[in-house]
Amino acid sequence: MSACPYFFFGMATARYRPARLLIWAALLMAACLSATTLLAATPRSPTSDLLADSRTALEDELYDVAYAKLTHYLQQASTPEERREGILLLAQTLYGQKRYQDMLQLLEQNKKLADGSSQADAFEFWLAMANFEKERWAQVVVACRWMDQQYPQSSYRSRSLRLQAWSLVKQGETNAAVACFARFADLYENTPEGPANRLDWAETLINAGRIDAAREVLEHMPSTNPETRAGQEHLSMLGRIYLNERAWNKARNAYTPLANLRNVPDEYRAMALLSLTEIAVAQTNLVEALSLLDRGIEQLSDPTLKGICNLRKGKLLLKMDKPDEGIALLRGFVVAQSTNALAREVQLELAQTLLDKGLSDKALREFQNYLETFSDLAGTARAQQGKGRALFNLGRFNEATLAFEKACEGEPNPLEKARNRLHVGDAHVAAGQYKLAIESYARVQTQWPETLLADQAEFQVAECWARLDQPARAKTLFW
């Protein structure tokens, strides 16, 4: 998998949720009521005032207020039409309160009231919404397909089609879901939900590993405003595809607006700046990469995302042979995120990088920092092994032996345990303790006889006997 920040941070953001349909439906019902009021041109009744106030509270997401007013309204509603309208708004209120079972019961108990009326499709749609939240995916698919056939002119048809698509996604029926998204694009591309549908479509394809198809969907998306949420997500999704394909110029064109525009959410700005950093590093423009990371550190308000920029900057400084500055940033990240599993990996990676660069004294301090900060079994074994190697490089062979012994004790991986036992022998050899070394190498041969490490241990035993001035014993191993 690419080092693209999208995949690294797992920041996929879904612009579609069934709750979004609540807003559209509320606005639709409000428009219908306004039209009716204008045509009638009659004074508002007390129940009309209650209904209008309820709708306003619902649109403002004041669900408790809406619930109280609608309960009062339904006690006063005198006609079937008034009751149907109140029940539908109450169902949406219950949806907003996440009271899905109550919502189901309300709609099912009053379904006969809706049969044959102009609001029958609305009852079916909100029943499907409630069932979606109850994770009855198959039931939702059946209901949405029935609505499509039964109410071809319904204003809920487009939303029902998207609800069907996401139910199919939930069931793992990707091809059927993709067909729904494609059909929606054919029928409703120019509606307000058109961009969101295309983004859902592309994300489903990405999750299914069909990247070429996702790219095509995104590249054929009608022009969107990069200052809108849909426009920003479009650029972000397209940018990460181009980045993974190493299409640097296309990726840069997608991400640059997200880095430069005002009022871009932190998640998109961070993704853009980190991705532009990856492009700069790939093109060996490390100065530009540092500048982009500094912008992230300065502009982002989310502490976690700011920390990720500091982390990336610290790694880049190490790569540029500026260890002191890099170490300071990486240590700061580890301290701030000490309860995070990523912090453990960062601390180990820092120590290992310093060791690989030949900075054994600095590496030793960082391995020790890990041992003093974290206590997980596998990580501790790795840190002890790294500590042993750093001590070995510094000529502190007896201390290295102890570190390798501790690595052997804690290492869960049999092959790594054998490798650490071999290191124990090597440290004894370096200290001139050949008999102790032979004992350690013999354990490798006995406990892991069918490995290449056992063959290496046998050779080392022969070397030890030769150094102990016992060439005959050495010869029996060499030949």
Side-chain angles (χ1 to χ4, degrees), residues 1-13 226 232-233 235-337 340 342-343 345-359 362-363 366:
M1 183 171 289
S2 160
C4 170
Y6 173 85
F7 290 114
F8 184 69
F9 305 129
M11 286 182 155
T13 52
Q232 291 161 3
E233 188 165 359
L235 290 174
S236 185
M237 292 176 73
L238 198 53
R240 79 173 182 262
I241 289 175
Y242 290 144
L243 188 69
N244 287 339
E245 294 175 340
R246 302 176 70 81
W248 305 132
N249 290 336
K250 288 183 177 181
R252 185 184 289 108
N253 290 339
Y255 280 124
T256 296
L258 298 177
N260 293 338
L261 286 172
R262 299 179 61 187
N263 301 321
V264 174
D266 268 5
E267 62 189 271
Y268 292 122
R269 191 181 303 281
M271 198 180 302
L273 289 169
L274 288 164
S275 298
L276 290 169
T277 298
E278 294 302 318
I279 295 169
V281 170
Q283 297 181 331
T284 65
N285 192 343
L286 302 187
V287 174
E288 181 185 353
L290 282 177
S291 175
L292 288 162
L293 291 169
D294 284 336
R295 283 178 59 188
I297 294 165
E298 178 184 350
Q299 295 174 10
L300 297 171
S301 57
D302 186 296
T304 300
L305 296 175
K306 192 186 291 283
I308 293 296
C309 288
N310 272 313
L311 170 62
R312 186 68 186 90
K313 182 179 179 181
K315 291 183 177 183
L316 189 56
L317 288 168
L318 286 180
K319 184 176 182 177
M320 297 170 68
D321 292 324
K322 296 182 179 181
D324 292 337
E325 297 173 65
I327 290 169
L329 286 173
L330 294 177
R331 277 185 181 169
F333 178 86
V334 170
V335 170
Q337 303 286 332
N340 190 327
L342 178 59
E345 287 301 317
V346 169
Q347 182 65 46
L348 274 178
E349 185 181 346
L350 167 60
Q352 189 62 50
T353 300
L354 294 171
L355 186 63
D356 293 342
K357 285 180 171 291
L359 302 173
K362 295 180 185 296
E366 298 310 323

Would you say the side-chain atoms of [X] pair up with the backbone N or O of [Y], donor to acceptor, closer than 3.5 Å?
X    : Y    : answer
D302 : D266 : no
Q347 : E366 : yes
S236 : Q232 : no

To the nearest 0.5 Å, what is the distance between [atom1] on [X] and [atom2] on [Y]?
X    : Y    : atom1 : atom2 : result
I308 : L300 : CD1   : CG    : 11.0 Å
L238 : L243 : CG    : CG    : 11.5 Å
L258 : Y268 : CG    : OH    : 9.0 Å
C309 : R269 : SG    : CZ    : 11.5 Å
K313 : L317 : NZ    : CG    : 6.0 Å

Working for side-chain contact (heavy atoms from CB on, under 4.5 Å), residues D356 and Q352: CA-CA 6 Å; D356 293 342; Q352 189 62 50; 3.0 Å; yes
Full working for side-chain contact (heavy atoms from CB on, under 4.5 Å) between L274 and L293: CA-CA 7 Å; L274 288 164; L293 291 169; 3.9 Å; yes
Does the side chain of [Y] come within less than 4.5 Å of [X]'s, by heavy atoms?
X    : Y    : answer
L342 : F333 : yes
T353 : L355 : no
K315 : K319 : no

Could you check whether [X] pairs with [Y] (Lys NZ or Arg NE/NH1/NH2 to Asp/Glu carboxylate O, under 4.0 Å)?
X    : Y    : answer
R312 : E278 : yes
E245 : K250 : no
E298 : K306 : no

Donor-acceptor side-chain pairing of R295 and N260 below 3.5 angstrom: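 Yes - a donor-acceptor pair under 3.5 Å links their side chains.
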What heavy-atom pair brings [X] and [Y] nearest, and what distance separates the two atoms?
X    : Y    : answer
A351 : A363 : O-CB, 3.5 Å
A251 : G239 : CB-O, 3.9 Å
P226 : L235 : CB-CD1, 3.8 Å
A270 : L305 : CB-CD1, 3.9 Å
A259 : A272 : N-CB, 4.0 Å

D321/K357 under salt bridge (charged side-chain N to carboxylate O under 4.0 Å, His left out): CA gap, chis, key distance, verdict: CA-CA 9 Å; D321 292 324; K357 285 180 171 291; 3.0 Å; yes
Partner of L330 by side-chain contact (heavy atoms from CB on, under 4.5 Å), out of L350, V335, N310: L350
Residue of the set L286, L276, L292 for which side-chain contact (heavy atoms from CB on, under 4.5 Å) holds with V281: L286
From CA spacing to verdict: side-chain contact (heavy atoms from CB on, under 4.5 Å), L290, M320: CA-CA 11 Å; L290 282 177; M320 297 170 68; 3.7 Å; yes
Test side-chain contact (heavy atoms from CB on, under 4.5 Å) applied to L354 and I327, step by step: CA-CA 9 Å; L354 294 171; I327 290 169; 3.8 Å; yes
Set of residues satisfying side chain to side chain contact (heavy atoms under 4.5 Å, CB included) with respect to Q283, sequence neighbours excluded: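 Q283 satisfies side chain to side chain contact (heavy atoms under 4.5 Å, CB included) with W248, R252, I279 only.
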